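Below you'll find the structure, written out as structure tokens, and then a few comments.
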There are 2 protein chains.
Amino acid sequence: MLEARLQEAALLKRLLDSIKELVTDANFECNEEGINLQAMDNSHVALVAVKLEATGFKKYRCDRPMPLGVNLASLTKVLKCAKDDDICIIKASDDADILNLVYEARNSDRIAEYDMKLMDIDAETLGIPDTEYDARVTMPASEFTRIVRDLSQLGESVRIEISKEGVRFASEGEAANGSILLKQTEAAREKYANYGKEDEAPKEDDDDDDDDEEGGSSKKKVKKEKVKKEEKEDVEMDEEDENEEFKVKSDDEGEEEQDDDEEEEKSSKKRKKAPAKTNGKPAKKAKKADETSADGGVLIEMNQHVSLTFSLKYLVNFSKSSTLSNTVQLMMSNDVPLLVSYKFGQGEIKYYLAPKIGEE
Amino acid sequence: MLEARLQEAALLKRLLDSIKELVTDANFECNEEGINLQAMDNSHVALVAVKLEATGFKKYRCDRPMPLGVNLASLTKVLKCAKDDDICIIKASDDADILNLVYEARNSDRIAEYDMKLMDIDAETLGIPDTEYDARVTMPASEFTRIVRDLSQLGESVRIEISKEGVRFASEGEAANGSILLKQTEAAREKYANYGKEDEAPKEDDDDDDDDEEGGSSKKKVKKEKVKKEEKEDVEMDEEDENEEFKVKSDDEGEEEQDDDEEEEKSSKKRKKAPAKTNGKPAKKAKKADETSADGGVLIEMNQHVSLTFSLKYLVNFSKSSTLSNTVQLMMSNDVPLLVSYKFGQGEIKYYLAPKIGEE
DNA sequence: GACGAGCCGA
DNA sequence: TCGGCTCGTC
């Protein structure tokens, strides 16, 4: 028995819009911690993984783990019947052959109910290794969208290169070549100081993580820009002992960033001691970053020069998730798949894409 | 000789958009009272009836009744040449083989003139009986549009069921079943209190009706929401003697509604004495309701449980008329055609659709 | 010719 | 983020 009540149907609608072109059928793996979806794209080139935290729901109950095999086109149709601000309740009984969706208008004058057939899908949940990446770019989702769209007009591939200089997106096409260099924004360092730290060691204390994330999420909805600096200070002080930054630096490439750190952050020495580790309560800021980052800012974290080439078609597709979050993170190491991650209030969507070989 | 001057070409454009897919050729029956069009749809399943009151025109003159046989595709083309806010003058001489359309820009800087060939069409004007329906739903046109669109994604038919509970639209499809329940909105009772009363006995005093309607119409364009309550009071008091409500109730099903009435309306006893009758000056409110109802509200009037099944394709088609009015009324009795009616400032468009048999 | 989806601009 | 416009499909 699953019952999950979502405050706004819009989240699910956007989520489906994000993945329905990539994947036709997928299992929504429901358990007490939330709902996960993981699937290769139809051409088995990319992998998409969605996580919806139980705590992101207004109400969530899942008695036992159950996979819900969903045809995404059908679900999209059914979700189209919801208005964005409808409350959305999804239910499935234990036999899991029907997904029941109820949409309640805000004023309850309209109640729409849909029953969708489920299907059996071979679970092919791959364990995704918790890679530590050599470089991470945190940037406005809209900017990423724009870049891959622009470049996709010129060519089919983009070389993404992260260096001390910044992050460069370069494409070559018949009519023209293009190259976009994003330098790190000074403001971004502060802004994203704790963005998405849970990526690094999500298992350390998942429960705290979730609770904090939810609490943070609701608060942020109310508070606004003004608040972010105060909160940031709070967290930095409160959590000084455990607050580790992702900033992975190699000795020969990190000077610039180290300078910044020392100017800005008291706890910088910890970061240097233990790069690529993280603390247990970072999510408050992840939420903030989401809302905060509308005004841009690029944060580049790297411990090694990275340069990889990817298919723009897929990146353009991934960038549809900009409806879910204002911020996107690109995680890269040489010769391993790119990870594109969008975090949002109730969860996260990650895309993995293998680099093209021998193209740069 | 016909000459009719319309304040805004947009009305005609929208009207044609509403019916051109349903009907290819039709007679515009012009007489001194206005212009009427009545036609079966191409597959002879639905009937569409349009009424444009003479009083709805800025100027109207029709010396003798004349049918203007129009190919709607041609007229649509010609109307596309008008800007929405152009003044539109249509003329036909007595031989009625040419329809002359003149579009005048607001500032008279541009005058466009078109001559369209007319054709002879066998008049097949059917008398439509003035049915009294067992149930009537008055609701925002946009909501009706949305519902039939949504459900048409799932299946081909919709069962519309009106009960004490409200009105339910239910469809079954391969991928999913859907059911939407609209409860009556409390605010709607007041809002639609006098909406469309002329349906019931339109012949009682047509002339007064028309005059009032036009006056009301122009006023309403200027006034807004704020005004509606005052006007309503005025009419109720001025016309107390003749102001009868539609509210048809059976003793066993009307309690809920009666309670509302008593709370809200002074003249409720009259309504109960003579249900399904109407007064002579209802149109002021019809107009108001049009503009008023953008913010929703569902009014359900019934004296009997009704449940019928219809082809969604047609309902979707009918719902195109939501460009003409913010409010739609569904009139139903068991085993007789559904009447879908949109009233607008200058007239009304009605669609009749026979129910599907043996499908529920 | 109409409908729906996707993209671009405000 | 929403609405309008354009392109592609049925």
Side-chain angles (χ1 to χ4, degrees), chain A residues 7-24 72-86 140-154 221 224-225 290-296 312-328 342 344-345, chain B residues 10 13-26 41-43 46 48 71-80 83-84 142 145-156 173-175 294 311-323:
Chain A
Q7 184 59 39
E8 300 221 328
L11 173 70
L12 269 186
K13 299 176 73 167
R14 296 195 193 120
L15 198 51
L16 265 289
D17 283 342
S18 292
I19 62 176
K20 67 165 192 285
E21 195 177 340
L22 227 38
V23 181
T24 54
L72 298 189
S74 298
L75 181 54
T76 301
K77 266 188 193 173
V78 172
L79 284 171
K80 286 226 175 88
C81 302
K83 296 181 72 174
D84 274 4
D85 61 351
D86 282 351
S142 59
E143 190 146 20
F144 179 64
T145 302
R146 177 63 194 253
I147 287 169
V148 295
R149 282 244 170 103
D150 284 354
L151 293 181
S152 70
Q153 309 243 325
L154 304 180
K221 286 270 153 77
K224 280 282 151 91
E225 292 273 299
D290 269 10
E291 295 165 4
T292 260
S293 55
D295 51 352
L312 277 163
K313 178 181 137 209
Y314 285 94
L315 298 183
V316 168
N317 224 312
F318 300 168
S319 72
K320 285 181 184 169
S321 287
S322 61
T323 54
L324 290 165
S325 169
N326 291 327
T327 304
V328 63
Y342 294 84
F344 47 92
Chain B
K13 298 176 74 166
R14 296 195 196 118
L15 198 50
L16 266 289
D17 284 341
S18 292
I19 61 176
K20 68 165 189 286
E21 194 180 344
L22 227 38
V23 181
T24 54
D25 304 298
D41 87 293
N42 295 328
S43 48
V48 54
N71 174 276
L72 299 189
S74 301
L75 181 53
T76 301
K77 274 187 190 167
V78 173
L79 284 171
K80 286 228 175 87
K83 295 184 67 178
D84 274 4
S142 58
T145 302
R146 175 68 194 249
I147 288 169
V148 294
R149 284 251 166 97
D150 282 353
L151 293 182
S152 70
Q153 306 235 328
L154 305 180
E156 298 195 337
E174 304 214 336
S311 155
L312 276 164
K313 179 181 136 206
Y314 284 95
L315 297 184
V316 168
N317 225 313
F318 299 169
S319 72
K320 286 181 184 169
S321 287
S322 60
T323 54

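The sequence lines fix the lettering, A, B, ..., with proteins before strands; numbering per chain opens at 1. Just so it is clear, the model here is predicted, and its values are computed rather than measured.
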inquiry  = For B:Asp25, give me all partners under side-chain contact (heavy atoms from CB on, under 4.5 Å), at least two apart in sequence or on another chain.
reply    = B:Asn71, B:Met119, B:Ile121

For nucleotides 2-9 of chain D, list the nitrogen or oxygen atoms of the protein found under 3.5 Å from its nitrogen or oxygen atoms, one pair per line.
none

note = Sorted by chain and number, sequence neighbours left out, salt bridge (Lys or Arg N to Asp or Glu O under 4.0 Å) with B:Arg146 holds for B:Asp150

ask   = Sequence neighbours excluded, which residues qualify as side chain to side chain donor-acceptor pair (under 3.5 Å) partners of B:Asp41?
value = B:Ser43, B:Tyr314

query = Roughly, in whole Å, what's the span from CG in B:Asn42 to P in C:dG1?
reply = 14 Å

ask   = Any Lys/Arg nitrogen of A:Lys320 or A:Asp17 sitting under 4.0 Å from an Asp/Glu carboxylate oxygen of the other?
value = no

key: Pairing residues for B:Ser319 by the side chain to side chain donor-acceptor pair (under 3.5 Å) criterion, not counting sequence neighbours   = none

query = When every nucleotide of nucleotides 3-10 of chain C is labelled 5' to 3' by its protein contacts under 4.0 Å (heavy atoms), B for base, S for sugar-phosphate only, - for none, what sequence of letters results?
reply = S-S--S--

message = Test of understanding: with side chain to side chain donor-acceptor pair (under 3.5 Å), list the residues that count as partners of A:Gln153, not counting sequence neighbours.
response = none

request  = Let me know the distance between CD of A:Glu8 and C1' of D:dT1, rounded to the nearest Å.
outcome  = 13 Å

request  = Would you please name every residue forming a salt bridge (Lys or Arg N to Asp or Glu O under 4.0 Å) with A:Lys77, sequence neighbours left out?
outcome  = none

query = Considering residues at least two apart in sequence or located in another chain, which fulfil the side chain to side chain donor-acceptor pair (under 3.5 Å) criterion with A:Thr76?
reply = none

